[in-house]
**Student:** 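Structure below; questions to follow.
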Amino acid sequence: MAVYQALYRKWRPKVFEDVVSQPHVTRTLQNELKTGRVGHAYLFTGSRGTGKTTCAKIFAMAVNCLHPKEDGSPCQECTSCTGIEQGSLLDVAEIDAASNNGVEDIRRLREEANFTPAVCKYRVYIIDEVHMLSGSAFNALLKIMEEPPAHVIFILATTEVHKVPATILSRCQRFDFHRVRAEDIAERILYIAEHESFTVAKEAAELIAKLADGGMRDALSLLDQCAAYQNEIDVGTVSVAAGLADRSYLSKFAEAIASRDSSAALEMVDTLYRQSRDLTRLCEELVTYYRNLMIVKTVRKPGDLILCVPSELEQLKEQAGKLPLSEILMNLSEFQGCLDRISGTVGKRTELEMSLIRLCSPQLNASGDAILARLDRLETQLRAGVVPAPSRPAEPSAAPVPEEVQTADQPAADRRGVQEQEESGEVPAPAPQIVPEQEDAVIPVDCWPEIMERLAKTDPPLCGLLSSASACIMGNALCITSNSGMVAAMLKRDGAAGRLSEAVAAQLGKKYRIRVRSLAQEAGQEEKKQDELSKFLETAEQSGVSVHLK
């Protein structure tokens, strides 16, 4: 049984006119061949699968062809062309620099290059992935490239030209290969399908072209995979072969984040983790998904910029319509940061879970993107006529007046100075909350976690005591409600109230008087009143006095 030949090898171009999307390269090379102005060193650079090695082999055949065509292409029939194509001529050598990157390998090349070609006119060295050569190997290569024999031509190919030394670059004619256009890839796929035993729908060819991301070799490899799955290749076949059919979990993650359902998000992570899903890859997919949402949100015709099946594109459009752009950007930024962190930590799952919790609980995220996203969400709700409920209920008007904290390090004169500063506008800071003019208006402080984060840097014990408390603004006072009876005493110790005031001012942009309400003390006072009432009723009963409670 004959060995199957992969499509990318079987259909590799053998003449310049078959190379797609690189006319700026092929035309120049053909002109050099026709005029006889062939250089001694060339550098082909570009992303994978764009035709660098293919053009190098065609050029090697063309310079050695015994009967070249008028356009400079090789005839493919003479002994030189057939020998080079079959790899039987030693005058044309293809070297993989990834595995032959030492100085000794280049020294052997230099020794061989001094000998005249055995059959061909030129001895051609194609060095693939040349950026993988070591420093010493580059120095050895530079020596022969400075004064090459007249019968030697070097063709260097690389995907990372920035790693090639400038001394090498300066001695080469450089050609930059562009990514192959999607329409050219699709056209080539349909042409190949006409000469093979399978059929390809036009929509399937276009989807393969998008997924190839500008690489013809990747496109033909995917086409090979689809053909192995079934002979009639459609969009569904491509989706299954490329692993696009089961990506619904990405939209579910986005829905859970949008609805602030951290429990659902963490349960999905657990499910995928148990299925041995690579969490780094999952994070990459989430980055791509939110990038797609960003494109859909900002581009009129996003189909050309997004790699997905048509049904997934419609789902992206529907989901993007429900999310403000600021929130999409915040989520994208968070997952990109998670991807950077997750590669350098052992606890990949924990890092991903932390990011999901931050996104599901925006109040825990004090970044500028998070604040902007929260403001956009609030504006959207207000425009829709929906008034968001406060995260902490406002204190009833009948509640006891909180105790105002007076400290020795905050005399009345200083407080008057702060008030004058506030009135003159000398306290520069953003004001994320609007403080009403009415004295009796109550506004919950939703950014209390952020204030505690600032306080933790200057007074960790006080932060620990207040972390479970809540706060609201009443006029020029910040009222703190706590279950602990120690808060007032803690604030009266040296400098504590001042440090809390500074944390509040840094977050809210304004200084407030600090008042404290202790629920524990109020409960104790109420219990004391009940005890006194019980004693009074007991004494009255013993004295024969009838008491009626209303």
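Position 1 is the first residue of the sequence; numbering continues from there.
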**Student:** Side chains of L142 and R171: closer than 4.5 Å at any heavy-atom pair?
**Tutor:** yes

**Student:** Tell me whether K163 is salt-bridged to E160, with the criterion being a basic N under 4.0 Å from an acidic carboxylate O.
**Tutor:** yes

**Student:** Any Lys/Arg nitrogen of D218 or R48 sitting under 4.0 Å from an Asp/Glu carboxylate oxygen of the other?
**Tutor:** yes

**Student:** Would you say that more than 12 heavy atoms from the other residues, nucleotides or ligands in this model lie under 6.0 Å from the CD of E147, or not?
**Tutor:** no

**Student:** Check whether any side-chain heavy atom of V38 lies under 4.5 Å from a side-chain heavy atom of L33, and answer yes or no.
**Tutor:** yes

**Student:** Can you give me the closest heavy-atom contact between K14 and P74, atom names plus distance?
**Tutor:** O-CG, 3.8 Å

**Student:** Does a sphere of radius 6.0 Å around CD in E232 hold more than 12 heavy atoms from other residues, nucleotides or ligands, not counting ones at 6.0 Å or beyond?
**Tutor:** no

**Student:** Kindly indicate whether the side chain of Y290, heavy atoms from C-beta on, has any atom under 4.5 Å from the side chain of Q336.
**Tutor:** no

**Student:** Is the shortest side-chain N to carboxylate O distance from E353 to K348 below 4.0 Å?
**Tutor:** no

**Student:** Is it true that atom CD of Q76 has more than 12 heavy atoms of other residues, nucleotides or ligands lying nearer than 6.0 Å?
**Tutor:** yes

**Student:** Quick one: are I155 and V124 in side-chain contact, heavy atoms under 4.5 Å?
**Tutor:** yes

**Student:** About how many Å separate CD1 of I208 and CD1 of I185, when rounded to the nearest 0.5 Å?
**Tutor:** 10.0 Å

**Student:** Roughly how far, to the nearest 0.5 Å, is the CD1 atom of I357 from the OG atom of S262?
**Tutor:** 6.0 Å

**Student:** Side-chain contact, heavy-atom cut-off 4.5 Å: F138 with V130?
**Tutor:** yes

**Student:** Hey, is R110 close enough to E146 for a salt bridge, meaning N to O under 4.0 Å?
**Tutor:** no

**Student:** Between D270 and R349 (salt bridge meaning N to carboxylate O under 4.0 Å), is one present in this structure?
**Tutor:** yes

**Student:** If you draw a 6.0 Å radius around CZ in F198, do more than 12 non-hydrogen atoms from other residues or ligands fall strictly inside?
**Tutor:** yes

**Student:** Looking at L90, I'd like to know if its CG atom is crowded, meaning that more than 12 non-hydrogen atoms belonging to other residues, nucleotides or ligands lie closer than 6.0 Å.
**Tutor:** no

**Student:** Parallel under 30°, tilted from 30 to 60°, perpendicular over 60°: which one fits the rings of H178 and H24?
**Tutor:** parallel

**Student:** Looking at every heavy atom in both I328 and M294, which two are closest together, and how far apart are they?
**Tutor:** CG2-N, 3.8 Å

**Student:** Does a sphere of radius 6.0 Å around NZ in K121 hold more than 12 heavy atoms from other residues, nucleotides or ligands, not counting ones at 6.0 Å or beyond?
**Tutor:** no

**Student:** Report the relative orientation of the aromatic rings in Y191 and W11; use parallel for angles under 30°, tilted for 30 to 60°, perpendicular for over 60°.
**Tutor:** perpendicular

**Student:** Examine the side chains of H131 and T158 and answer whether a donor and an acceptor come within less than 3.5 Å of each other.
**Tutor:** yes

**Student:** Taking the six-membered ring for Trp, are the ring centroids of F335 and Y289 within less than 6.0 Å of each other?
**Tutor:** no

**Student:** Hey, is D184 close enough to R181 for a salt bridge, meaning N to O under 4.0 Å?
**Tutor:** yes

**Student:** Please round to the nearest 0.5 Å and tell me the distance separating atom CD1 of I127 and atom CZ of F154.
**Tutor:** 6.5 Å

**Student:** Could D176 and R174 be called an ion pair, given the rule that one side-chain N must be under 4.0 Å from one carboxylate O?
**Tutor:** yes

**Student:** Nearest 0.5 Å, what's the NZ-CG distance between K10 and D224?
**Tutor:** 9.5 Å

**Student:** Regarding N31 and T28, do their side chains bring together a donor and an acceptor under 3.5 Å, going by distance alone?
**Tutor:** no

**Student:** Distance check, rounded to the nearest 0.5 Å: D91 atom CG versus H151 atom NE2?
**Tutor:** 9.0 Å

**Student:** How far does CD1 of I295 sit from CG of L305, to the nearest 0.5 angstrom?
**Tutor:** 5.5 Å

**Student:** Quick one: does V25's side chain get under 4.5 Å of F177's, heavy atoms only?
**Tutor:** yes

**Student:** Any side-chain heavy-atom pair from D261 and C360 closer than 4.5 angstrom?
**Tutor:** no

**Student:** Do I95 and I126 have side chains that get closer than 4.5 Å, going by heavy atoms?
**Tutor:** no

**Student:** So that I can tick it off, tell me whether E94 and K57 are bridged by a salt bridge, with the cut-off set at under 4.0 angstrom between side-chain N and carboxylate O.
**Tutor:** yes

**Student:** Would you say NZ of K252 has more than 12 non-hydrogen atoms from neighbouring residues, nucleotides or ligands within 6.0 angstrom?
**Tutor:** no

**Student:** Would you call E351 and R341 a salt bridge, using N to O less than 4.0 angstrom?
**Tutor:** yes

